[in-house]
Amino acid sequence: MYSPVPDNLFAREVRAGLTRPDQKTLPCRYFYDEIGSALFEAIASLPEYGLTRADARVIDAHAGEIAGAVPAGPLVAELGSGSGTKTRRLLEALGRVRYCPIDVSPAALAACARELTPVADVHPIEASYLDGLRQAASHRCPGQTMLVLFLGSTIGNFEPEDATAFLYGIQRELAPGDALLLGTDLVKPVAKLLDAYDDPTGVTAAFNLNLLGRINRELDADFDLRRFEHLVRYNGAVQRIEMHLRSLANQCVHIPKADLTVRIQAGETIHTESCHKFRLEQIADLARAGGFQINGQWIDRAWGFAETLLLV
Ligand code: AVI
């Protein structure tokens, strides 16, 4: 039977992911609606999830050195700025620069502008990462260099080949002398990772389940969230945490705005996110493959997190 391709990108991607014959998937970038973004802020405060605090600690401890390693007075663009709190110290160390936070969430951009207007000349850009970067680059003054921030180990949520292609995409928007500060979560004991992504308070479970809630709200679907559970695995072969939603029953879900009825077996999972963890040599390989060279690296040993400064 012919069924039209939905024109809404979210609907199309949900449909594509849930009709995959081998493993059902949903793209993790759809976690971040208003509820998901609030849940992510809560995750960042959990004692078990040290990643965000480690990222902020490295920047706080080394803001002066990082600022000293890039040409003076750069235009700063941040990909996926969130609320901008961890960027504050770096912007202070850079002096009053023009700062373009790039995010798809207007709420995150507004919070970021509130937080950082006292220390920078803030120009929020509501766009996807590379489109936003292109727009930010158009704000450069003649001869001005650019510093791009991609913090929080969001690069770890890309498949390895997509991570390389993405870094290369950033590099292509930049010019010689420009820099990228890349945050990456390092490999660590599996038990510590499982605690971080399957916290006893259940915040990460709620964050994961909210993806189904979002599909219900935006695509008129009838997922019963109580018939799914949060499942976290460490896949050692590819050094990543995988988040899944496991069905607790044989069930049939209707998603009218994606023109889809999907059958899900008891025990079957929907893979919702991969969080890759890095070794230092893998960061070097990734940088090289993306067309950058490493100019500095600062590490938080307490959690296991690296901030790496890459030059074009
Ligand atoms: C945004 N990103 C780097 C987080 C991570 O750790 O991969 C997303 C997250 N998923 C569950 N907890 C946090």
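Whatever order the structure lists ligands and atoms in, that order sets their numbers, starting from 1. Values reported hereafter were calculated over all heavy atoms of this structure, with side chains retained and with hydrogens, waters and symmetry mates removed.
- Using 4.0 Å as the threshold, Phe31 has no heavy atom nearer than that to any atom of ligand 1.
- Residue contact check: Cys275 has heavy atoms under 4.0 Å from atoms 7 (O) of ligand 1.
- If you take NZ on Lys277 and CD on Gln239, they are separated by 11.0 Å, rounding to the nearest 0.5 Å.
- The distance from ligand 1 to the heavy atoms of Phe207 drops below 4.0 Å at these ligand atoms: 10 (N), 11 (C).
- Look at Asp300 and Arg53 and you find no salt bridge, because none of the NZ, NE, NH1 or NH2 atoms lies under 4.0 Å from a carboxylate O.
- Distances below 4.0 Å separate heavy atoms of Tyr197 from the following atoms of ligand 1: 5 (C), 6 (O), 7 (O), 10 (N), 11 (C), 12 (N), 13 (C).
- Of all protein heavy atoms, the one closest to atom 10 (N) of ligand 1 is Glu273 OE1, 2.6 Å.
- You'll find the ring centres of Tyr168 and Phe292 outside the 6.0 Å limit.
- Between the choices Asn157, Thr154, Ile155, the shortest heavy-atom distance to atom 2 (N) of ligand 1 belongs to Asn157.
- The shortest N/O to N/O separation between Ser153 and ligand 1 does not fall below 3.5 Å.
- Annotation: Tyr49 places an N or O atom under 3.5 Å from an N or O atom of ligand 1; distance criterion only.
- Less than 6.0 angstrom separates the ring centroid of Tyr30 from the ring centroid of Phe10.
- Between Asp185 and Arg240 there is no salt bridge, since no side-chain N of the basic residue sits under 4.0 Å from a carboxylate O of the acidic one.
- At least one heavy atom of Gly152 sits less than 4.0 Å from an atom of ligand 1.
- Between the side chain of Gln144 and the backbone N or O of Cys141 there is at least one donor-acceptor pair closer than 3.5 Å.
- Scanning all heavy atoms of the two residues, the minimum distance from Leu225 to Gly213 falls at CD1-N, 3.9 Å.
- Between Tyr32 and ligand 1, no pair of N/O atoms sits closer than 3.5 Å.
- Using a 4.0 Å cut-off between heavy atoms, Leu51 contacts ligand 1 through its side chain alone, with no backbone atom that close.
- A single hydrophobic cluster is seen to contain both Phe150 and Leu75, as judged by linkage of ILVMFWY side chains at heavy-atom distances under 4.5 Å, directly or through other members.
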